[in-house]
Amino acid sequence: MTPHTPDPVDASASGNPLLRHLNPEQLAAVTLPARHALILAGAGSGKTRVLTTRIAWLVQTGQVSPAGVMAVTFTNKAAKEMLTRLGTMLPIPVRGMWIGTFHGLCNRFLRAHWKLAGLPQSFQILDAQDQVSAVRRVIKAMNLDEERYVPKQVAWFIAGSKEEGLRPRDVSVRDEQTRKLVEIYQAYEDQCQREGVVDFAELLLRTYELMRDNAALREHYQHRFRHILVDEFQDTNRLQYAWLKLFAGPGNSVFAVGDDDQSIYAFRGAQVGNMSDFEREFHVEHVIKLERNYRSYGNILDAANELISHNRRRLGKNLRTEAGPGEPVRVYEATSDFAEAQWVLEEAQQLHREGTPRSEIAILYRSNAQSRVLESTLFNAGIPYRVYGGLRFFERAEIKHALAYLRLLENPNDDTSYLRVVNFPTRGIGARTLEQLQDAARTSGRSLYQSVGAVAGKGGANLAAFNALVDAMREATRGLTLREIIEHVLEASGLQDYYRNEKEGRERLENLDELVNAAEAFVTQEGFGKDAVALPIDEQAGAIADGDPPAVALADIVPDAETGEIISPLAAFLTHAALEAGDNQAQAGQDAIQLMTVHAAKGLEFDCVFITGLEEGLFPHENALSDFDGLEEERRLMYVAITRARKRLYLSHSQTRMLHGQTRYNIRSRFFDELPEHALKWITPKVQGFGGGRGAQSGWGSAPATPPWSAAPAKIEPRVATSDGVALRVGQSVFHNKFGEGMIVTLEGSGNDARAQINFGRHGLKWLALSVAKLTPIE
DNA sequence: AGTGTTCTTCTTTTT
DNA sequence: GAAGAACACT
């Protein structure tokens with residue numbers, strides 16, 4: 001009955017139990033010879049299984065030692081899952097294997113080779129927030145206008161440059177603006193270096209450059225990692241691709257698994273083109289397509305296949321199933337976002353009554369802002385739900401404060417952390433004092449911590465007291481366990497007292513307690529060093545593997561001179577906190593409906609999926625419509641959304657929606673017209689000529705079955721204006737010779753002055769003068 | 001130095 | 001509509 005039990009294909013020929021449950025394509029992929037290979041793995045085709053089974057098979061058949069395998073993923077979750085599955089397949093400890101995220105592995109690499117990489121041993125990692133605030137400081141220090149150089153955008157520029165492999169001197173400067181941006185980039189780099197911090201992109205770029213420039217090191221690692229496996233290859237950016245090229249020495253095998261149709265991070269620099277580049281540049285002989293889907297019923301797959309066939313830039317792939325058509329995809333049109341939420345609620349309740357666990361019901365949307373209505377509807381109905389996204393554990397303010405103190409223990413020159421907590425809780429250190437301090441630090445080229453002596457007066461005394469506090473905490477925690485260190489710092493910093501006295505502080509206090517727990521769990525479960533300890537593993541590699549990793553590389557791994565530790569538990573924990581933002585509000589245990597953006601849903605699957613807000617301008621999003629690639633990415637996003645569903649899929653859109661505090665009138669998403677009619681069931685009548693019509697197609701002259709909102713309670717603001725005696729009202733759909741169909745959003749003025757704001761979907765929102773514009777009402 | 005008030009912005013975001 | 005930042009006030 002359920003479609004996701006794979007057919008046991010006869011693999012008895014091999015007689016290997018590892019390979020028993022693979023279909024022929026999967027089996028072929030898993031047992032490919034040790035050459036470069038590209039696996040095009042469609043949604044739900046058993047991609048993770050292929051990856052893990054391949055590793056297990058390689059190790060089990062003695063083709064490679066566990067230390068000779070490197071497997072790269074994008075998310076911690078995927079890495080963890082791979083390790084877990086592998087652990088059940090192989091009778092060896094898998095923890096030390098080089099399986100992790102790009103950033104995690106780079107961190108491991110840089111912890112081992114910090115000296116060669118030109119980093120302090122206890123370098124800290126800036127998360128995205130920290131990076132923006134670091135950039136903001138640079139911009140302020142350079143006396144630049146924050147309006148013109150928006151910190152967030154500049155941070156984006158810097159990260160983007162790094163992901164292209166470009167240092168400031170490599171960025172080609174065409175205009176004045178870019179020249180300035182490069183200047184900021186350079187100053188930012190100097191600042192990071194001075195403070196001993198690296199951002200996410202830097203982890204990769206440093207590793208890349210070190211591998212590129214140090215032949216001995218490169219040869220060592222190329223020799224070591226005979227098999228490199230890459231998950232979600234379609235999401236790699238240029239730097240990651242170049243990085244892989246460096247690690248893939250002669251004679252190595254790169255086994256890349258990806259799905260070009262699920263590439264939804266191009267906006268963040270992912271290059272789908274890496275897949276075809278890989279095929280060409282690595283002379284890939286084996287391309288295997290996994291098209292058999294074990295997840296969804298036929299109607300859902302038909303919808304996905306048909307939709308994605310509208311994309312032109314594809315490698316070409318079609319999902320198929322043997323599970324039968326299943327239920328039709330249900331489509332609902334609501335009059336308002338509120339009504340839409342209400343409908344979702346009722347359907348979800350029905351599903352629950354019929355036996356679907358709430359956790360198997362997912363409500364997806366394009367942007368986070370849409371979750372509010374859904375949340376309040378579920379909340380008012382008393383239905384348990386869980387929202388993904390939003391603030392994650394290690395991103396919470398109180399947690400970041402605590403971490404900042406801890407980071408100062410490791411590295412007092414970390415100005416980002418210094419600024420975050422120097423006056424929190426307040427210690428009489430105001431903006432003026434800090435300005436003086438920053439000036440002093442700037443002119444002397446030293447850190448804030450090092451510059452307190454330069455500030456005179458009361459402010460200076462307070463600063464000195466803060467420094468003394470940090471020093472005292474460091475002294476007091478020497479030799480303590482991680483748990484004790486954190487407990488001491490929470491107390492001594494005054495954070496705990498601060499939140500104890502705060503009205504809203506209870507939850508924050510609980511979170512601080514949770515931090516202690518997280519640290520405790522980190523120490524016990526993880527053996528604390530999974531991200532950090534490189535030396536023991538490399539030693540193992542020397543022992544287990546082929547016997548000849550060059551000593552030169554190992555000698556470059558530098559332990560702490562005093563203790564011989566590779567990294568302290570505290571440093572390891574701080575790394576963990578930066579690299580793994582932690583789960584959101586894990587209200588674990590309760591059976592709850594799952595709410596998330598489509599992006600967040602990637603890689604997940606549910607029995608029942610609702611995709612809401614399918615409206616022009618929202619999904620596809622208006623900002624993505626300007627260019628062709630943007631639209632194709634939106635379509636892939638929709639494809640990802642559809643393929644999350646196992647048994648039932650619901651699509652909905654609404655005529656009106658509160659957005660940015662005002663009611664917007666939207667037309668149906670064009671994606672509806674790209675779905676196969678036979679797979680759909682329209683709960684509300686489909687209205688001709690809406691959203692879809694590519695002009696020639698569907699005549700809107702023909703009588704629609706039922707006006708969309710006459711059946712449902714109409715809650716459209718009925719304002720009226722005229723042009724040529726034609727009555728218009730807000731919410732009315734009209735046809736314009738140039739812009740096609742649109743929906744009237746606003747009406748203003750009267751007579752010759754009358755204007756209308758009209759949502760033309762792909763042509764955007766436009767103001768038209770009604771005395772000029774020729775509009776024909778539709779409907 | 002801390003708090004209250006207006007002004008601005010508003011996709012997605014694995015690390 | 002709500003969060004975050006800049007500004008003004010006490």
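Within every chain, numbering begins at 1; the chains are lettered A, B, ... in the order of the sequence lines, protein sequences first and strands thereafter. Below, all heavy atoms of this structure are taken into account, side chains as well, without hydrogens, waters or symmetry copies.
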So, is B:dT12 syn or anti if syn means the angle is within 90° of 0? anti
Go through B:dT11, B:dT15, B:dT14 for me and flag the one nearest to the A:Ala624 side chain. B:dT11
Provide, to the nearest angstrom, the distance between the CH2 atom belonging to A:Trp156 and the P atom belonging to B:dT12. 11 Å
Look at all strands and tell whether A:Asp235 reaches a base, only sugar-phosphate, or nothing, counting heavy atoms closer than 4.0 Å. base
For the backbone of A:Ser654 and the side chain of A:Glu615, can you confirm whether one donor and one acceptor N or O come within less than 3.5 Å of each other? yes
From B:dT14, C:dA2, B:dT11, nucleotide with atom closest to A:Arg366 side chain: B:dT11
Which part of the nucleic acid does A:Phe102 contact within heavy-atom distance under 4.0 Å: base, sugar-phosphate only, or nothing? nothing
Closest approach to the side chain of A:His599, judged atom by atom: which nucleotide of C:dA5, B:dT12, C:dG1 is it? B:dT12
Any side-chain N or O of A:Asn368 less than 4.0 Å from the OP1 or OP2 oxygen of B:dC10? no
Polar side chain donor-acceptor pair, A:Glu195 to A:Gln193, under 3.5 angstrom: no
Is A:Gly603 touching bases, backbone alone, or none of the nucleic acid, heavy atoms closer than 4.0 Å? nothing
In whole angstroms, how far is the P atom of B:dT15 from the CH2 atom of A:Trp243? 16 Å
Report yes or no: do A:Glu164 and A:Ser161 form a side-chain donor-acceptor pair below 3.5 Å? no
Nucleotide paired to B:dT12 in any strand shown, Watson-Crick or G-U, under 3.5 Å: none
Interatomic distance where CG belongs to A:Asn623 and P belongs to B:dT11 [whole Å]: 6 Å
With a non-hydrogen cut-off below 4.0 angstrom, is A:Gln240 in contact with a base, only sugar-phosphate, or nothing? nothing
Reading DNA chain B from 5' onward, which residue's closest nucleotide shows up sooner: A:Gln153 or A:Thr597? A:Gln153
Taken to the nearest whole Å, CG/A:Asn237 to P/B:dT14 is 15 Å
From the list C:dG1, B:dT15, B:dG2, which nucleotide is the closest neighbour of the side chain of A:Phe200? B:dT15
Under 6.0 Å from the six-membered ring centre of A:Phe424 and within 45° of its axis: does the NZ or CZ of A:Arg420 meet both? no
How many Å lie between CD on A:Glu615 and P on B:dT11, as a whole number? 16 Å
Return no unless some side-chain N or O of A:Thr426 is found under 4.0 Å from OP1 or OP2 of B:dG2. yes
Counting heavy atoms from C-beta on, name the nucleotide in B:dT14, B:dT12, B:dG2 closest to the side chain of A:Asn423. B:dG2
Could you please name the option among C:dG1, B:dT14, B:dT11 that lies closest to any side-chain atom of A:His621? B:dT11
Taking the side chain of A:Leu579 as heavy atoms from C-beta outward, which of B:dT12, B:dT15, B:dC10 is closest to it? B:dT15
Flag the pair A:Phe379 / A:Tyr385 as yes when at least one side-chain heavy-atom distance between them is below 4.5 Å, and no otherwise. yes
Grab the CG-P distance between A:Leu203 and B:dT14 for me, whole Å please. 16 Å
Under 4.0 angstrom between A:Thr73 side-chain N/O and B:dT14 OP1 or OP2: no
Donor-acceptor side-chain pairing of A:Arg407 and A:Asn411 below 3.5 angstrom: no
Whole angstrom value for the distance that separates C1' of B:dT15 from CD of A:Gln129: 14 Å
Using whole Å, what does the distance between atom C1' of nucleotide B:dT15 and atom CD of A:Glu232 come to? 14 Å
Taking the minimum atom-to-atom distance to the side chain of A:Phe267, which one of B:dT15, B:dT12, B:dT14 wins? B:dT12
